[in-house]
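Notes follow once the structure below has been shown.
Residues take their numbers from the sequence shown, with the count starting at 1. In this text the structure is predicted, and so the values were computed from the model without any measurement.
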Amino acid sequence: MSDLNYQKQAQDFYGKAPVIILGSGASAAHGMPGMDTLANHLVANTDTASLSVAEIETWENFCRLLQNKVDLEAALHQVTASEELTSRIVKSTWDLINSDDSKIFQKSLQNTSMFPLSRLLEHMFKSSLKIINVVTTNYDRLAEYACDQGRIYHYTGFTHGFCRQLAAPTEINSARRANIWKVHGSLDWFQSPLEDTVALSNIQGIPYGYQPQIVTPGTQKYQKTHFEPFRSIINNADQALNEAGSYLCIGYGFNDEHIQPKLMLKCLRQSTPITIITYELSASAKKLILEGKAQNYLAIERGESDDQSIVYSSLDRNPLKVDKNIWSLEGYLSLIM
């Protein structure tokens, strides 16, 4: 029988006011599509009309890679898409994710306790904290909806209203605030005909002359993030990660070059505590945390059923099976509240 007190470790790490890192798994818990669903959607729904012969050939190569079970990000790295083809892939991606995002928002109107993230943020704000930083690779607005349900003001880099413009954090004053740093963009960000970026609330379709500002996987990802608003957002996310007392990763796979280096540097160099809760630990997470040199970690994944969890801790060499759900955010809250 293990003597590991994982609940005390979870509480100790949580007590250091963690920066929250949301990965795709955090949204998948609410039914948002994963990479496989997106890949199938792109193949079936991307508009290829009037593309050049070279662009059609690139598209067919891309589809062939997906059909051969190459994952979406790897497939997009293996082809060089033109600006026009990339634009169409972005539009198709936006169509799928925005549709599901809107459905979740509609459900949340009927279920005012839908988001465990709301309860987490509310609990954190019961302390002396005035600002909580959330860093996410997700395009969806689930973090914003969770803030709304908890009556928490949130800031994503823009003013507030229906047609929002870029604004520095110093422009926004509130008694308490959740900063949501969306390093790959958001469904409500668009490049306007004036070639600036605006955020449009309650948009169900892409307005004429506007382009979604989301960064899809692949080589374009590296180019686009050198420009605004991504450069400022990533800088703010970096600052939040650098100043963090601990990290709480929810459904994050440790596969993103915009978050992972800063995160791991703090964990390895400064022994910053990190908690990971997820359906399944990715190979990258296991390599970086469990097989790496992180000294203060607590990682929890689902076991053989929803009511079983597997706990990995820096305090014990052996994983521990626990016959209850503490791998989901809802389950994790039972450890710290």
Is it true that the side chains of [X] and [Y] contain a donor and an acceptor less than 3.5 Å apart?
X: Ser87; Y: Glu83; value: no
X: Asn111; Y: Ser113; value: yes
X: Ser328; Y: Asn325; value: yes
X: Asn133; Y: Asn179; value: yes
X: Ser305; Y: Asp307; value: no
X: Glu171; Y: Thr159; value: no

Which is it for Asp188 and Leu200 under the side chain to side chain contact (heavy atoms under 4.5 Å, CB included) test, yes or no, and what are the steps along the way? CA-CA 5 Å; Asp188 51 356; Leu200 305 177; 5.5 Å; no
What distance do [X] atom [atom1] and [Y] atom [atom2] have between them, rounded to the nearest 0.5 Å?
X: Lys91; Y: Thr46; atom1: NZ; atom2: OG1; result: 9.5 Å
X: His77; Y: Asp71; atom1: NE2; atom2: CG; result: 9.0 Å
X: Leu298; Y: Ile289; atom1: CG; atom2: CD1; result: 11.0 Å
X: Trp59; Y: Thr48; atom1: CH2; atom2: OG1; result: 7.5 Å
X: Leu329; Y: Thr278; atom1: CG; atom2: OG1; result: 11.5 Å
X: Leu335; Y: Lys324; atom1: CG; atom2: NZ; result: 6.5 Å

Under the salt bridge (charged side-chain N to carboxylate O under 4.0 Å, His left out) test, which residues partner Lys16, sequence neighbours left out? none
What pairs with Glu122 under salt bridge (charged side-chain N to carboxylate O under 4.0 Å, His left out), at least two apart in sequence or on another chain? none
Could you walk me through whether Ser102 and Gln106 pass the side-chain hydrogen bond (donor to acceptor under 3.5 Å, both in side chains) test, one step at a time? CA-CA 6 Å; Ser102 296; Gln106 292 292 330; over 6 Å; no
Stepwise side chain to side chain contact (heavy atoms under 4.5 Å, CB included) check, Ser186 with Thr156: CA-CA 9 Å; Ser186 181; Thr156 60; over 6 Å; no
Indicate the atoms forming the closest heavy-atom contact of [X] with [Y], along with that distance.
X: Glu55; Y: Ser82; value: OE2-OG, 2.6 Å
X: Ser313; Y: Gln9; value: OG-OE1, 2.7 Å
X: Arg176; Y: Ile152; value: NH2-CG1, 4.0 Å
X: Pro116; Y: Glu330; value: CG-OE1, 3.7 Å
X: Thr112; Y: Gln149; value: O-OE1, 3.3 Å
X: Ile310; Y: Arg302; value: CD1-O, 4.2 Å

Going by ring pair (Phe, Tyr, Trp, His ring centres under 6.0 Å), name the residues that satisfy it together with [X], two or more places apart in sequence or in a different chain.
X: Phe158; answer: Trp189
X: Tyr14; answer: His123
X: Phe115; answer: His30

Candidate pair Arg177 and Ile172, rule side chain to side chain contact (heavy atoms under 4.5 Å, CB included), full reasoning: CA-CA 9 Å; Arg177 183 176 81 217; Ile172 309 296; 4.3 Å; yes
Crowded around [X] [atom1]? As in, over 12 foreign heavy atoms under 6.0 Å?
X: Asp36; atom1: CG; answer: no
X: Glu304; atom1: CD; answer: no
X: Gln270; atom1: CD; answer: yes

Test side-chain hydrogen bond (donor to acceptor under 3.5 Å, both in side chains) on His184 and Asn138; report intermediate values, then the result. CA-CA 7 Å; His184 292 168; Asn138 300 335; over 6 Å; no
Under the criterion side chain to side chain contact (heavy atoms under 4.5 Å, CB included), I'd like the reasoning laid out for Ser52 against Glu57: C-alpha separation, chi angles, the key distance, then a yes or no. CA-CA 9 Å; Ser52 69; Glu57 184 177 353; over 6 Å; no
Hydrophobic cluster membership, [X] vs [Y], 4.5 Å side-chain cutoff:
X: Leu241; Y: Ile131; result: no
X: Val90; Y: Phe62; result: no
X: Leu265; Y: Val19; result: no
X: Ile89; Y: Phe190; result: no

Any side-chain to backbone donor/acceptor pair from [X] onto [Y]? Under 3.5 Å, distance only.
X: Thr272; Y: Cys267; result: no
X: Ser192; Y: Thr197; result: no
X: Ser99; Y: Leu96; result: no
X: Ser246; Y: Phe13; result: yes
X: Ser309; Y: Ile300; result: no
X: Lys266; Y: Ala244; result: yes
X: Asn255; Y: Gly253; result: yes

Ring center gap for Trp181 and Phe230 short of 6.0 angstrom: no
Would you check if the distance from the ring center of Tyr153 to the ring center of Tyr155 is below 6.0 Å? no
Here's a test for you: under side-chain contact (heavy atoms from CB on, under 4.5 Å), which of Ile277, Ile259, Ile20 qualifies with Tyr252? Ile259
In residues 139-147, what donor-acceptor pairs under 3.5 Å come from side-chain atoms, sequence neighbours left out?
{"residue": "Tyr139", "atom": "OH", "partner": "Val215", "partner atom": "O", "Å": "2.6"}
{"residue": "Asp140", "atom": "OD1", "partner": "Ser27", "partner atom": "OG", "Å": "3.4"}
{"residue": "Asp140", "atom": "OD1", "partner": "Leu142", "partner atom": "N", "Å": "3.1"}
{"residue": "Asp140", "atom": "OD2", "partner": "Ser27", "partner atom": "OG", "Å": "2.6"}
{"residue": "Arg141", "atom": "NE", "partner": "Asp101", "partner atom": "OD1", "Å": "3.1"}
{"residue": "Arg141", "atom": "NE", "partner": "Tyr145", "partner atom": "OH", "Å": "3.3"}
{"residue": "Arg141", "atom": "NH2", "partner": "Asn98", "partner atom": "OD1", "Å": "2.7"}
{"residue": "Arg141", "atom": "NH2", "partner": "Asp101", "partner atom": "OD1", "Å": "2.9"}
{"residue": "Glu144", "atom": "OE2", "partner": "Lys182", "partner atom": "NZ", "Å": "2.8"}
{"residue": "Tyr145", "atom": "OH", "partner": "Asp101", "partner atom": "OD1", "Å": "2.5"}

Glu243 vs Gln239, test: side-chain hydrogen bond (donor to acceptor under 3.5 Å, both in side chains). Steps then yes/no. CA-CA 6 Å; Glu243 296 173 357; Gln239 183 176 344; 3.2 Å; yes
